[in-house]
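The first residue in the sequence is number 1, and the count goes up from there. Predicted, not measured: the structure shown is a model, and the values here were computed from it.
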Amino acid sequence: MAAKAGAAASFMFMLFLLNIACQAQLSPAFYDSSCPNALSAIRTAIRSAIASDRRMAASLIRLHFHDCFVQGCDASILLDETPSIQSEKTALGNLNSARGYNVIDKAKTEVEKICPGVVSCADIIAVAARDASAYVGGPSYAVKLGRRDSTTASRTLANAELPAFFESLESLISRFQKKGLTARDMVALSGSHTLGQAQCFTFRERIYNHSNIDAGFASTRRRRCPRAGSDSTLAPLDLVTPNSFDNNYFKNLMQNKGLLQSDQVLFNGGSTDSIVSEYSRNPARFKSDFGSAMIKMGDIGLLTGSSGQIRRICSAVN
C-alpha cells in the first residue's frame with residue numbers, strides 16, 4: 001500500500017512539474033519579435049465586432065471559458081465536424097448558444113495577413129476575451145501567450161465537463177476545483193454574466209417553481225418566458241446594466257434576482273455568500289479578481305513547444 005501511495009504521489013508531482021513547465025513557456029511578450037502587430041490586429045477585429053453587436057463581448061468571454069474547460073485552452077471548440085473529429089460546437093452547452101466563432105475567424109484572417117502560421121487560434125481566443133472585457137468597461141490584464149492549437153476535439157468531454165444551468169453549488173465548486181480554480185475564482189468568473197443573456201428554457205423552472213426568487217423579478221421575467229413555448233427567447237441576465245461590465249450581477253444575487261439557478265446558488269446560504277457580498281460592495285476587488293481568475297483559467301491544459309500545431313484556419317486542422 002505504501003509503495004502504491006508513493007507511486008501515486010510521484011505521478012501527481014510529475015504532473016505538477018509538467019504544468020509548471022508549460023506555464024513557463026507562456027509570456028505576454030511571446031509574439032513581440034515574431035509578430036509584433038498581432039495584438040493590435042486582434043484588438044481591432046474584436047472592437048469592431050462588439051461595436052456592431054454589444055452582446056458579443058459576453059459571447060467571447062464565454063467562448064474562452066468553454067474552450068479551456070474541455071481539453072484545456074487549445075481552441076478545440078473552434079473545430080468543425082469531420083469524419084475524425086467530434087465537434088464541440090454541437091455539445092449541449094454550446095449548441096445554439098455559443099457564439100463568436102466568426103469573430104475569431106475574422107481576427108485570425110487579419111493576423112494571417114501579416115504573420116502567416118505564427119499566432120495560434122488558442123491565443124487569439126484568450127486575447128479576444130481580454131479585449132472584450134476591456135471594451136465594455138471590464139478589466140484589462142496581461143494575457144500570457146504561446147499556446148498551440150489542438151488537432152482533436154471532444155463533444156463527449158464537452159457534454160461531461162461544461163457546467164450546466166441547473167447545477168448545485170457543491171457541483172460547481174467541484175467542477176472548478178478539478179480545473180485548478182478556487183471557489184473565489186468561480187464566483188469572480190461568474191460575474192461576467194452581468195453581460196450575458198439566457199434562453200427561456202434555461203430559467204423557466206426557476207421563475208415558475210423556485211421559492212428563493214424575488215416575486216416582482218419572477219413576474220417580469222414570465223412576460224417573455226411562458227410556461228410552454230418560446231424556448232429560445234433571450235433575456236438579459238442583468239436587467240439594470242446589461243451592456244456594462246460591472247458588479248450589478250452580485251447585487252442582483254443578494255436580492256434573489258439571479259436568473260439562472262446556477263447563478264443564485266452562489267448566494268443562497270452557502271459557502272460563497274461572503275464572496276458575493278464582498279464583490280457587491282467592492283467593484284474594484286471584483287474586477288481585480290476577475291482578471292486574475294481569467295489569467296489562471298488561461299493556464300488550463302496547455303499545449304506548448306512542439307505539441308499541437310498552429311492552425312492556418314481555426315475551424316480545421318492543417
Contacts under 3.5 angstrom, residues 158-166 side chains, donor-acceptor by atom type, not counting sequence neighbours:
{"residue": "N159", "atom": "OD1", "partner": "L92", "partner atom": "N", "Å": "2.8"}
{"residue": "N159", "atom": "ND2", "partner": "R155", "partner atom": "O", "Å": "3.4"}
{"residue": "E161", "atom": "OE1", "partner": "K179", "partner atom": "NZ", "Å": "2.6"}

Let me check something: any side-chain donor-acceptor pairs from residues 126-134 under 3.5 Å, sequence neighbours excluded? List them with distances.
{"residue": "R130", "atom": "NH1", "partner": "Y141", "partner atom": "O", "Å": "2.7"}
{"residue": "S133", "atom": "OG", "partner": "P139", "partner atom": "O", "Å": "2.8"}

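Here CZ of F203 is found 14.0 Å from CD of Q261. Values are rounded to the nearest 0.5 Å. Atom CD1 of I275 is separated from atom CG of L266 by 9.0 Å, given to the nearest 0.5 angstrom. Interatomic distance, Y135 OH to R43 CZ, rounded to the nearest 0.5 Å: 12.5 Å.
Taking the salt bridge (charged side-chain N to carboxylate O under 4.0 Å, His left out) definition, one finds that E167 meets it with R175, sequence neighbours left out. Listed by chain and number, the residues in a side chain to side chain donor-acceptor pair (under 3.5 Å) with E110 are K106, K113 (sequence neighbours excluded). Legend: residues meeting salt bridge (charged side-chain N to carboxylate O under 4.0 Å, His left out) with D289, ordered by chain and number and at least two apart, are R184, R285. By the side chain to side chain donor-acceptor pair (under 3.5 Å) test, S59 pairs with R99, sequence neighbours left out.
The 12-atom threshold is exceeded at CG of L239, counting heavy atoms of other residues, nucleotides or ligands nearer than 6.0 Å. Heavy-atom contacts from other residues, nucleotides or ligands closer than 6.0 Å to CZ of R222 number more than 12.
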Working for side-chain hydrogen bond (donor to acceptor under 3.5 Å, both in side chains), residues H193 and D263: CA-CA 9 Å; H193 289 184; D263 286 327; 2.8 Å; yes
D238/T194 under side-chain hydrogen bond (donor to acceptor under 3.5 Å, both in side chains): CA gap, chis, key distance, verdict: CA-CA 5 Å; D238 174 15; T194 193; 3.0 Å; yes
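Listed by first then second residue, pairs satisfying disulfide (SG to SG under 2.5 Å) with a partner in residues 68-106 read C68-C73, not counting sequence neighbours. Applying the disulfide (SG to SG under 2.5 Å) rule to pairs touching residues 239-293 yields nothing, sequence neighbours excluded. Sorted by first then second residue, the disulfide (SG to SG under 2.5 Å) pairs that include residues 83-168, not counting sequence neighbours, are C35-C115, C121-C314. Within the structure, every pair that satisfies the side chain to side chain donor-acceptor pair (under 3.5 Å) test and touches residues 306-318, not counting sequence neighbours, is listed here: S150-R311. Every pair passing disulfide (SG to SG under 2.5 Å) that includes a residue from residues 186-235 is listed here, sequence neighbours excluded: C200-C225.
Side chains of Q264 and N268: a donor-acceptor N/O pair is absent below 3.5 angstrom, by distance only. Side-chain N/O atoms of D246 and T241 include a donor and acceptor closer than 3.5 Å.
Separation of the F290 and F245 ring centroids falls under the 6.0 Å cut-off.
A donor-acceptor pair under 3.5 Å links the side-chain atoms of E112 to the main chain of G117, judged by distance alone. Proximity of a side-chain donor or acceptor of R227 to a complementary backbone N or O of Y208 within less than 3.5 Å is not detected. A donor-acceptor contact shorter than 3.5 Å links the side chain of Q199 to the backbone of N96. Under a 3.5 Å cut-off, the side chain of K287 and the backbone N or O of G137 do form a donor-acceptor pair. No donor-acceptor pair closer than 3.5 Å links the side chain of S171 to the backbone N or O of S168. N252 places no side-chain N or O within donor-acceptor distance of the main-chain N or O of G258, the cut-off being under 3.5 Å. A donor-acceptor pair under 3.5 Å is absent between the side-chain atoms of T202 and the main chain of A198, judged by distance alone.
Other residues sharing the hydrophobic cluster of V317, ordered by chain and number and joined by side-chain separations under 4.5 Å: L79, I85.
In this structure, K89 forms a cation-pi arrangement with Y101, its terminal cationic atom sitting closer than 6.0 Å to the ring centre and no more than 45° off the ring axis.
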